[in-house]
Every structure is written in C-alpha cells, then in structure tokens.
There are 2 protein chains.
Amino acid sequence: MVAPSRRRRVTINDVASHAQVSVTAVSKVIRNAYGVSPAMRDRVKTAIEELGYRPQAVARGMRGRTFTIGLMLPHIRNPFFADILDGLTEQLAGTDYRAFMIQGGATRKVERLAVDALIDRQVDGIIMVAPLASKARLEEVAQEKPTVVLARHERSSFYDSVYDDDEAGAELVVKHLIELGHRRIAHITHQDDSQAQPADLLHNIRAATYERVMREHGLADEIAVATSFYHEKGGYEGARELLDRDPRPTAIFAGADQAAFGALAAVYEAGLRVPADVSVAGYDNTHLAALPNITLTSVDQEGSVMGGAAGKLLLERIEGRTSAVRFSVTPSLVVRGSTAPPTS
Amino acid sequence: MVAPSRRRRVTINDVASHAQVSVTAVSKVIRNAYGVSPAMRDRVKTAIEELGYRPQAVARGMRGRTFTIGLMLPHIRNPFFADILDGLTEQLAGTDYRAFMIQGGATRKVERLAVDALIDRQVDGIIMVAPLASKARLEEVAQEKPTVVLARHERSSFYDSVYDDDEAGAELVVKHLIELGHRRIAHITHQDDSQAQPADLLHNIRAATYERVMREHGLADEIAVATSFYHEKGGYEGARELLDRDPRPTAIFAGADQAAFGALAAVYEAGLRVPADVSVAGYDNTHLAALPNITLTSVDQEGSVMGGAAGKLLLERIEGRTSAVRFSVTPSLVVRGSTAPPTS
DNA sequence: CATGATTTGGGTAACGGTACCCACTCTTAT
DNA sequence: ATAAGAGTGGGTACCGTTACCCAAATCATG
C-alpha cells in the first residue's frame with residue numbers, strides 16, 4: 001500500500017518555463033489582462049492545457065482576488081435557502097467566482113464567528129442571508145468586504161439589500177383569512193436571541209404586520225401570538241399552545257412553511273381537520289407546500305430571483321460600485337386547500 | 001455619504017511592533033509552537049487582544065494550513081444533509097477549523113468543478129457526501145488532499161469511508177413490508193448521470209437490495225422499479241407511474257424520504273388512502289417523517305453521527321494518518337402509520 | 001569552572017501569484 | 001525625419017504568514 005504521496009502542484013512557474021515565456025506573461029493570460037498578443041495567448045494556453053495547470057486561488061488572493069463568494073446561511077435545513085442558492089449559482093455560472101456556504105447558526109455569537117471566518121479566508125465578497133447581527137455590525141462587515149444583505153429591511157449606504165416585501169406578504173395572508181370570514185386568527189413567530197427584537201428582522205416584520213392588519217380590521221382583541229421557532233418542532237409547539245386557548249383560533253398564520261408543517265401536525269393530532277376546523281397558512285411557498293396531501297396556502301417570494309439579484313449586485317460591488325442599491329421582490333399569495341371559510 | 005474605504009487589516013507585523021517583539025515570536029504564539037516563554041506569550045496575547053488581530057487564513061495557507069474543511073454536498077435541499085453538517089460542526093467546535101460547503105450538483109461534470117474549486121482554495125481536507133465521481137477520480141482527489149467519502153461503499157486505501165449500511169437498511173424496509181403481508185411491493189430509485197450505474201452508489205445499493213430480497217422471498221415476478229429522482233417531484237412522478245400499472249402495487253418503498261413525500265402526494269391524488277390502499281415507506285428518517293400528519297415509516301441512519309465521524313477521521317488524516325479507515329453506521333427501521341397490512 | 005544541552009528569541013527565505021514599472025519595437029502624425 | 005504613442009514582453013518587489021536556521025542566554029553536569 002502506497003502512502004498518498006502528495007505530488008507537487010503545477011505552478012505558474014512550471015507553465016512559464018514549459019512555454020518558454022515569463023511568469024508575467026502567464027499571469028496576464030490567466031487574468032485576461034491587457035498586453036498579450038494572440039500568438040502569446042495561444043502559446044500560454046497550450047502550455048496550461050498540457051500541464052493541467054489551475055491557478056491557486058489562495059495565492060492569487062494575496063495580491064488580488066480569490067474568486068470566492070462567501071454565503072452565510074442561518075442553517076441549511078430550510079429548503080427556501082436552496083432556492084436562493086440556486087439563483088446565486090446560476091448568476092455566477094460563466095464567471096470564475098464560486099459560492100462557498102457557511103452556516104451561521106442560531107445565535108449572534110456563532111454567526112459572528114462564521115462571518116469572521118469568511119473574512120479571514122479573504123473572500124471577495126459576502127452575502128448574508130437573514131443575519132441576526134445588528135446594523136452596526138453589518139456595516140462593519142461591509143467596510144471590510146463588499147457585502148449584500150438578504151432578507152433585512154434597514155437602509156444602509158455601506159451594503160446592498162435584497163429583500164422580499166414581508167409587510168406586503170404578511171398583509172396578503174392576514175387579509176385573505178379575514179376575507180374568508182375568520183376573526184380568531186393566530187400567529188406563530190420566531191424567537192431570535194437578541195433581546196431587542198430588532199424591527200428589521202423579517203420575523204418581527206411579519207409579526208408586526210399581522211398585528212397591524214388585525215387592528216385595522218377591528219380585531220385587536222383577537223390578536224394571539226405564539227412565540228416559538230421557524231421550524232417543524234417550533235410550529236408544532238406553537239400551534240399546540242394556540243389550540244389550547246379558549247376559544248381556540250379558527251385560523252393560524254405561521255410565519256414560515258417549516259413552522260406551518262408543524263402546525264398542521266398539531267392540528268391533526270388534536271383531532272381537528274384542516275381546513276374545516278382550522279385554516280393554516282405559511283410563508284415561503286416551499287416545494288412541499290404544493291404537494292396534494294399538504295396543499296398549504298403560502299406566500300411565494302421567489303427565492304431564486306433574490307439569490308440571483310444578490311449575486312449580481314455583489315459582483316458589481318466587487319467591480320467597484322460603492323453606491324448602495326436596494327432590490328425588493330413583491331410576494332404573491334398562493335391559495336391552496338389549507339385555508340377555507342370558518343365553519344363555526 | 002462616505003465611500004466604504006477599506007481600512008488596512010491588522011497584520012502579524014503590526015502585532016510584532018506593537019508588542020516590541022519579532023514576527024517569529026508572534027507566529028509561534030498563534031501557532032502554539034515550541035520556544036516561547038510564558039512572559040512572551042502573555043505579552044503577545046495582550047497585543048493581539050488590543051489590536052483585534054486575526055491571522056489571515058489565506059496567507060497561512062501559503063506555507064501551512066488554511067484551517068478550512070471543504071464539504072461537498074450534492075445539494076442542500078435534502079434536510080438529511082443538515083444532520084450531517086450538524087454532526088460535523090459539533091466535531092469541529094473547539095478547533096480552529098471551519099467547514100465550508102459547496103454544492104456539487106446533479107452531474108459528474110459540475111461536481112468535478114466544485115471539488116476542484118475546493119482544492120484550488122487550498123482547503124486542508126475534503127469531505128465528499130454521496131459523490132457521483134468514479135472511484136478513480138475519488139482517489140485522485142485523495143492524493144491531492146486528505147479526503148473522507150460519505151455514503152459510498154467501495155474500499156480504497158487512499159481515503160476514509162463513512163457510510164450507512166444501505167443494504168441492511170433496505171432489507172429492513174422490504175422485509176417489514178413482506179411480513180405485513182405485501183407481495184406487490186414497488187420501488188422508486190434515483191437516476192444519476194453516469195451510464196454505468198456504479199454498484200457503490202447508495203441508490204443503486206438500495207435498489208439492488210430491494211430486488212434481492214424480493215427474489216429471496218419468491219417475489220421475483222412482482223419486482224417493479226420506477227427510475228426517477230430522490231426529490232418530491234421525482235417521488236410523485238415515480239409513484240404515478242407505479243400506480244398506473246395493473247395490478248397496482250400495494251406498497252411503495254421510496255429510496256429516500258423526499259421521494260416518499262412525493263409518493264404520498266401521488267397516492268392521495270389518485271384517490272387512494274395510506275396505508276389502507278397503499279403502504280409507503282421512505283429512507284433517511286427526516287424530521288418531517290415524524291409529523292403526525294405524515295407518519296412515514298422510514299429508515300434512520302443517524303446523519304449527525306456520520307457527520308461527526310467524518311470530521312474526526314478527516315482531522316486525523318490532516319494530522320498525518322495515512323492508513324484507511326472505514327466507519328459504518330447500522331440503520332434502524334422506524335415504523336409509523338404509513339405502512340400496514342394490505343387490505344386487498 | 002569549563003562544557004554541553006536546553007531554552008528562548010530573532011532573521012530570513014520561501015509559498016504562488018499579481019501589480020507596477022521599464023524597455024523595446026513598430027506605427028502614426030507632424 | 002523625428003517625436004509621440006500604442007503594443008508587447010519581462011523583471012521584480014510585495015502580499016502575510018510559516019519553516020528553518022542561527023545566536024545568545026541560561027542551566028545542569030562532572
């Protein structure tokens with residue numbers, strides 16, 4: 001058995017001597033820089049081909065770029081993030097840039113470590129999805145590296161923002177339920193680890209909009225919020241708490257599909273039917289929501305469009321743009337079988 | 001509005017001059033190397049603290065390590081991969097290593113690009129989850145960087161393997177269905193882009209085991225396989241095809257939960273009930289399977305244990321181990337409400 | 001007390017690229 | 001004919017860190 005003897009990697013020097021030119025010439029060719037004749041280009045490209053040379057991104061990064069985009073995701077369990085990644089990947093196709101993901105986690109502290117890890121690896125730019133960090137911290141990051149923030153609403157002149165209009169989306173859901181005739185509409189929201197409940201975090205916007213719309217329709221007394229988490233277990237527990245109340249709600253608006261799935265489970269487990277006894281609606285329009293045995297009413301926010309936009313804006317920033325751009329997607333309601341007029 | 005003037009990063013030189021010592025001394029301290037007195041250590045650590053210095057991983061990589069682990073996932077839509085990541089993250093906690101994910105995609109070609117991208121960024125080690133690549137290619141990668149391969153079964157002396165015993169798992173499902181009294185048991189498998197259908201890819205093992213067990217129980221004539229994909233849409237389409245056959249199967253074993261969810265949808269849509277008319281079973285025991293309104297019988301393969309083991313083995317390899325280790329997890333069947341004796 | 005071993009600190013050449021500058025040739029305009 | 005400019009190629013310092021080596025100081029030993 002042979003020990004895996006790591007063979008030396010082909011370097012720019014090898015290419016240069018093989019092609020009988022200077023390393024500068026090779027560098028120019030791989031960077032597509034000005035000052036190489038077609039003949040030189042061919043010659044170098046042939047040598048690169050013959051030796052199977054690939055530049056080492058890390059070494060390039062010491063002077064120039066690493067051609068690496070850092071994507072911070074809170075976690076990878078939510079399939080909605082997969083849509084974002086798909087959009088980003090498509091946007092990056094054809095460029096030399098690659099997207100690397102890192103998991104941010106559930107607290108500000110570990111999220112900070114994750115983003116620092118990206119910076120320390122000299123990524124050329126950072127996309128943060130639904131970060132928990134304060135605006136000050138986001139701007140700090142943006143001063144180190146070109147940055148695009150996804151799913152946050154505050155306005156900054158240091159980074160670009162891409163977001164879904166969560167206020168419009170939440171309004172669509174609550175109004176839909178009200179129009180169906182519901183009055184006792186409850187909401188399941190997400191608990192993050194920040195004490196302040198920043199108004200710019202999407203779950204807080206959805207919750208605040210729910211309350212506003214309820215109030216605007218004279219339903220202030222019917223407001224019922226379960227503070228839990230945007231995942232299956234969270235939705236399940238949140239719904240159980242809501243269903244235990246007397247009188248129990250006739251409709252539940254979960255702030256995310258993942259939570260809505262858990263809410264559906266809680267409703268069934270309580271011996272109730274959807275939508276006959278309780279209507280349930282979610283947010284994100286994940287693939288699962290469309291399945292005939294789930295048919296969850298949900299809000300579509302075009303994750304892949306958001307991911308693509310984030311990629312495009314980030315590349316522009318890397319190229320030198322410094323003005324801040326805000327890109328927002330208008331969500332739409334997808335009505336399915338999980339919502340219907342109340343029977344009681 | 002101020003343009004984001006990137007301020008120069010604090011370097012090892014800044015720390016050295018601030019602490020009035022040599023850069024060598026600082027380097028030794030951050031590497032925990034031999035040859036520094038306690039007094040020196042304190043002095044340097046204080047300077048690091050005061051300046052907020054963090055070493056640049058990219059520069060470290062030029063001589064030593066980048067403290068980066070590359071994790072190649074086929075995609076991030078399957079929540080099972082999240083379990084793997086959780087296990088890995090936990091294993092890496094307390095070390096300076098960070099896991100970066102890259103999406104491999106659906107074809108060998110893009111997967112190759114993704115893994116090359118990891119190598120070009122000088123990661124210290126690579127974990128490949130359910131790769132499509134040939135064994136030869138995997139060994140090629142392993143010769144460049146310490147490598148651990150997850151969810152593949154072939155034996156190699158160049159990399160470590162971590163896998164679930166898919167043969168045992170598939171056998172559990174099929175035998176369970178046979179014991180319930182089913183005879184017309186169908187299977188939904190996954191189509192990858194390789195022509196050869198390598199015997200070491202997990203979906204091929206599950207499919208082959210299904211056929212073997214059927215044959216061993218005298219059910220060779222009842223073998224019915226739909227070749228589709230391991231995702232919701234794939235399961236939906238595979239199940240539709242199977243349900244169209246005459247006579248239709250009384251049980252469907254989908255090779256992955258994601259596909260099983262789609263199969264459930266197809267069954268309901270056909271006006272049939274689960275499990276009364278058709279039993280459905282999956283593989284992976286994702287969180288969703290446990291929800292009361294899904295109650296999918298599935299195979300649990302402890303993703304976080306596998307992720308943790310992969311991390312441990314990779315760190316050992318980075319530290320210098322060259323012998324190959326194989327770590328396998330024994331799956332267990334979780335019987336839920338989606339499987340029952342056939343009624344017809 | 002001389003000698004060798006150990007501890008501690010620092011100097012410096014890499015690592016693999018890129019940015020910047022310079023030199024030379026060949027056009028083109030005056 | 002000459003100057004200015006464009007096109008083309010190369011030399012080399014530098015990016016931030018580590019590995020390797022050396023020197024000085026301290027310690028243990030016979």
Q: Taking any atom closer than 4.0 angstrom to a non-hydrogen atom of chain B, what span of DNA chain D does the protein reach, first nucleotide to last?
A: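 The contacted stretch runs from D:dG16 to D:dA19.
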
Q: Are A:D200 and A:Y163 packed together at the side-chain level, in the sense that at least one heavy-atom pair is separated by less than 4.5 angstrom?
A: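 No, too far: nothing below the 4.5 Å cut-off.
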
Q: Taking atom types as modelled and ignoring hydrogens, do the side chains of B:R317 and B:Y159 form a donor-acceptor contact shorter than 3.5 angstrom?
A: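 No, B:Y159 and B:R317 have no side-chain donor paired with an acceptor closer than 3.5 Å.
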
Q: In terms of ring plane angle, is the pair A:F100 and B:F100 parallel, tilted or perpendicular, where the classes change at 30° and 60°?
A: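 Answer is perpendicular, since the angle exceeds 60°.
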
Q: Distance alone, cut at 3.5 Å: any donor-acceptor contact between the side chains of A:T68 and B:R121?
A: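 Yes - a donor-acceptor pair under 3.5 Å links their side chains.
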
Q: Compute the angle between the rotation axes at the two ends of the helix from C:dC1-D:dG30 to C:dT30-D:dA1, each taken over five pairs, rounded to 10 degrees.
A: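 The end axes of the helix from C:dC1-D:dG30 to C:dT30-D:dA1 are about 40° apart, to the nearest 10°.
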
Q: Testing the basics here: between B:V26 and B:I12, what is the closest heavy-atom pair and its distance to 0.1 Å?
A: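 Taking B:V26 first and B:I12 second, the nearest heavy atoms are CG1-CG1, 3.5 Å.
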
Q: Going by heavy atoms closer than 4.0 Å, what residues in residues 23-32 of chain A are next to DNA chain C?
A: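 Correct list: A:T24, A:S27, A:I30, A:R31.
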
Q: Near DNA chain C, counting only heavy atoms under 4.0 Å, which residues of residues 41-69 of chain B show up?
A: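 By residue number: B:M62, B:R63.
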
Q: Is there a donor-acceptor contact under 3.5 Å from the side chain of B:Q122 to the main chain of B:M62?
A: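 Pair absent, no side-chain N/O of B:Q122 close to backbone of B:M62.
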
Q: Would you say the side-chain atoms of A:R108 pair up with the backbone N or O of A:L132, donor to acceptor, closer than 3.5 Å?
A: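 It does hold such a pair.
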
Q: Residues in salt bridge (charged side-chain N to carboxylate O under 4.0 Å, His left out) with A:D96, at least two apart?
A: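 Here no residue qualifies.
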
Q: Which whole-number value in Å describes the distance from A:R9 CZ to C:dC15 C1'?
A: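 After rounding, the reported distance stands at 13 Å.
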
Q: Before we go on, tell me: are the rings of B:H75 and B:F81 under 6.0 Å apart, centre to centre?
A: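 Ring-ring flag for B:H75/B:F81: true, centres closer than 6.0 Å.
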
Q: 5'-most contact on DNA chain D: A:G35 or B:N13, nearest heavy atom basis?
A: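 Nearest-nucleotide comparison on DNA chain D picks A:G35.
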
Q: Atom CD1 of A:I12 and atom P of C:dA19: how far apart are they, to the nearest Å?
A: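 Value for this atom pair: 11 Å.
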
Q: Whole-Å distance between C:dG16 P and B:R121 CZ?
A: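 From B:R121 CZ to C:dG16 P: 17 Å.
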
Q: Nearest whole angstrom, please: distance from the C1' of C:dT25 to the CE of A:M40.
A: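 From A:M40 CE to C:dT25 C1': 14 Å.
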
Q: When you measure from the side chain of A:S17 to the backbone N and O of A:Q20, does any donor-acceptor pair fall under 3.5 Å?
A: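 Here the side-chain-to-backbone pair does not exist.
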
Q: Which heavy atom of A:Q103 sits nearest a heavy atom of A:I76, and at what distance?
A: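 Between these two residues, the closest heavy atoms are OE1-N, 3.3 Å.
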
Q: Apply salt bridge (charged side-chain N to carboxylate O under 4.0 Å, His left out) to B:D120 and list each qualifying residue two or more places apart in sequence or on a separate chain.
A: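 A:R9, A:R54.
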
Q: Name the residue from A:I84, A:L88, A:L118 that meets the side-chain contact (heavy atoms from CB on, under 4.5 Å) definition with A:I127.
A: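 Checked A:I84, A:L88, A:L118 against A:I127; only one passes side-chain contact (heavy atoms from CB on, under 4.5 Å): A:L88.
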
